[in-house]
Amino acid sequence: MNLFRTKRIIQFGQYAYPLSYLAILFVAYKWPVPGSIAAVVLSAGLWLLLKSSFCWLSKVCDEQTDLKNQLMQSQKISALGEISTGIAHEINNPLNIIMQETELMRVALHEDSTQEELYELRESLDVVFQQVERCSDITHKLLDFSRKRHPVTQTADINRLLLDMLILVQSETESKNIRIVKRFSTDIPNIKTDPPLLRQVFLNLLNNAVQAVDRDDDIFVTTWSHDDMVFAEIRDSGPGISENEIKQIFNPFYTTKPPGKGTGLGLSVSLRIVNQLGGYITVDSELGKGAAFTVHVPI
Amino acid sequence: MSRIRVLVVDDEPDFLKLIGRRLERRNVDVDVVNNGQEALEFLSKTFVNVVILDVRMPGLSGIETLKEIRRRYRNTEVIMLTGHGSVESGIEGISHGAYDYILKPFLIDDLLERIRAANEHATLKQKVRGGA
C-alpha cells in the first residue's frame, strides 16, 4: 500500500514538479512579492510531500527485508529436508544390510554351530565390516563436503587447466568414441585462482558429461572471457535435465547414476568450490536437448 | 629463494634413477623411494616441499599414500604421476587433495613447471594459515 502511494507521488511528480517551478518562475517574474511568497509556500509543501513519501518508502524497505528473511528461512528448511532425505537414504542402505546379516548371524550362532554355520558367520562378519566401511566413507565425504577450504590464489591459465583434465578423461572418451570439441578462446587473460580446486571442478563436470552421453556423441568444451569474468562451458548432447531436476542437482547425495557409479556429491562440491573462488555455476538444459554447465570465475 | 625439495615415489628403479639425475641438474633437491611405505617413512624424518607420486604401485597404493601424506603433512603438496588417464583415480586423487596430475611420458620442463607451481601453492597456503 505504502509502495503504491509513493509510486503514484513520484509518477505524478515527474511532470508536476518541473512544471510548478516554471509556473513559479513566471509568477515571480510578473509579480515579485506574491511570487516569492508562493515559492516559499510551495517549497514547504513539496518538502512535506517528499518527506512523507520517504517515510513510506523506508517502511516498505523494512517490510521487504522481513519478507526476504522469511523466504530464506523457509528455503533453508526445505533444502535441509531434501539433504536429510539424501543422507538418510544413503546410510539406510548399508544399515539395512547390516541388520539382515546380524539376524542371520543370530540364527547361525549357537552352542553347537556346525563348521558350515561358522563359515557363514565369518562371511556375514565380512559383509558387516564392508558395510560399516561404506558408512564411514559416506561420513568422511560429508565432512569433506562441509570442510572449509582456504583457497590460495595463483596465476593460472584456464585453458591449460581444462586441457589437463581432458587428458584424464581421454581413455574413457576414446573407448566410447566420444568426440571432444574444444573451442578455446585464445585471448583469455590469466586468472587468479586456486588451480587444484578448479581442476577438481572441471574434472567433475567432464566426468558427468562423459557419463551422460552415448557412444559416438560430442562434448563441447568452450572458454571465453567477458569484462572481469572468465567462463568455461561443458556441453553434452546427453538426455538433458528436466526443470524439476535442475533444482535438485546441486543438492548433496542427489544422483541419477546407478548405485556405485556416483556419490551424488560431485556437483554440490563443485558449486561450493566455485562459490569459494568467488564465482558460480549455471546450468542450461532441457529434457532431450543435452546439458551445459558453465563455470563463471573472476579474473 | 631456497631450493625446492622433492621426493619421487615410483616402483620402477630405472625411472627413479633417470628422473633423479635430470631434476638434480635443474637445481632441485631430489630424493627417491620405491613405494608408498618408504615414502611415509622418509617424510617422517625429512621435510619435503613436493612429492611426485606414482598412482599405481604394489603395496600401499598411490591414493592411499596420498591420503596419508595429506593427513600428516599439510605443507607438502603432491603431484600424481600416471601411466594412463583414468577418470576414477583422477577424481579420487584430486578430491583427496592432489595438487596436479601429470601423464607419463612427460617433458622435464613441464614437470618442473608443475613442481614450481605446487611449491608456490604450499608456500601461499602456509601464509594464509599463518595470517588467519
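Given the structure is predicted, the values throughout are model-derived calculations rather than measurements. Sequence lines set the chain letters: A, B, ... in the order given, protein chains first and strands last, and positions in each chain run from 1.
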*asked:* For the CZ atom on A:Arg179, are there more than 12 heavy atoms of other groups (residues, nucleotides or ligands in this structure) within a distance under 6.0 Å?
replied: no

*Above 12 or not: heavy atoms from other molecules or residues under 6.0 Å from CZ of B:Phe106?*
yes

_Check this for me: A:Lys182, atom NZ, are more than 12 non-hydrogen atoms of other residues, nucleotides or ligands nearer than 6.0 Å?_
no

*Atom pair CG/CD1 of A:Asn204 and B:Ile94 - distance to nearest 0.5 Å*: 9.0 Å

*Taking all atoms of both residues into account, what is the closest heavy-atom pair of B:Leu103 and A:Ile167, and its distance?*
CD2-CG2, 3.1 Å

*Quick one: closest heavy-atom pair of A:Val152 and B:Lys125, and the distance?*
CG2-CA, 3.5 Å

*To the nearest 0.5 Å, tell me how far A:His140 NE2 sits from B:Lys67 NZ.*
9.0 Å

*asked:* Is it true that, when you exclude A:Arg134 itself, more than 12 heavy atoms of the residues, nucleotides or ligands shown sit nearer than 6.0 Å to its CZ?
replied: yes

_What I'd like to find out is whether the side chain of B:Leu124 reaches to under 4.5 Å of the side chain of A:Thr153, using heavy atoms alone._
no

*Using modelled atom types only, decide if a donor and an acceptor are shared between the side chain of A:Glu172 and the backbone of B:Val87 within a distance under 3.5 Å.*
no

*Any chance CZ of B:Arg26 has more than 12 other-residue heavy atoms, nucleotides or ligands included, within less than 6.0 Å?*
yes

*Closest contact, heavy atoms only, A:Gln154 versus B:Ala117*: NE2-O, 2.7 Å

*Let me know if B:Tyr101 has heavy atoms under 4.5 Å from chain A in its side chain, its backbone, both or neither.*
side chain

*Side chain from CB out, backbone as N, CA, C, O: work out which of these in B:Ala98 comes under 4.5 Å of a heavy atom of chain A, or both, or neither.*
backbone

*Verify side chain to side chain contact (heavy atoms under 4.5 Å, CB included) between A:Asp164 and B:Asp100, making sure each step is shown before the conclusion.*
CA-CA 9 Å; A:Asp164 282 349; B:Asp100 202 350; 4.2 Å; yes

*asked:* Nearest 0.5 Å, please: how far is CG in A:Asn207 from CD in B:Glu88?
replied: 8.5 Å

_Working to the nearest 0.5 angstrom, can you tell me the gap between B:Ser95 OG and A:Leu203 CG?_
9.0 Å

*Decide if atom NZ of B:Lys17 counts as having more than 12 heavy atoms of other residues, nucleotides or ligands within a radius under 6.0 Å.*
no

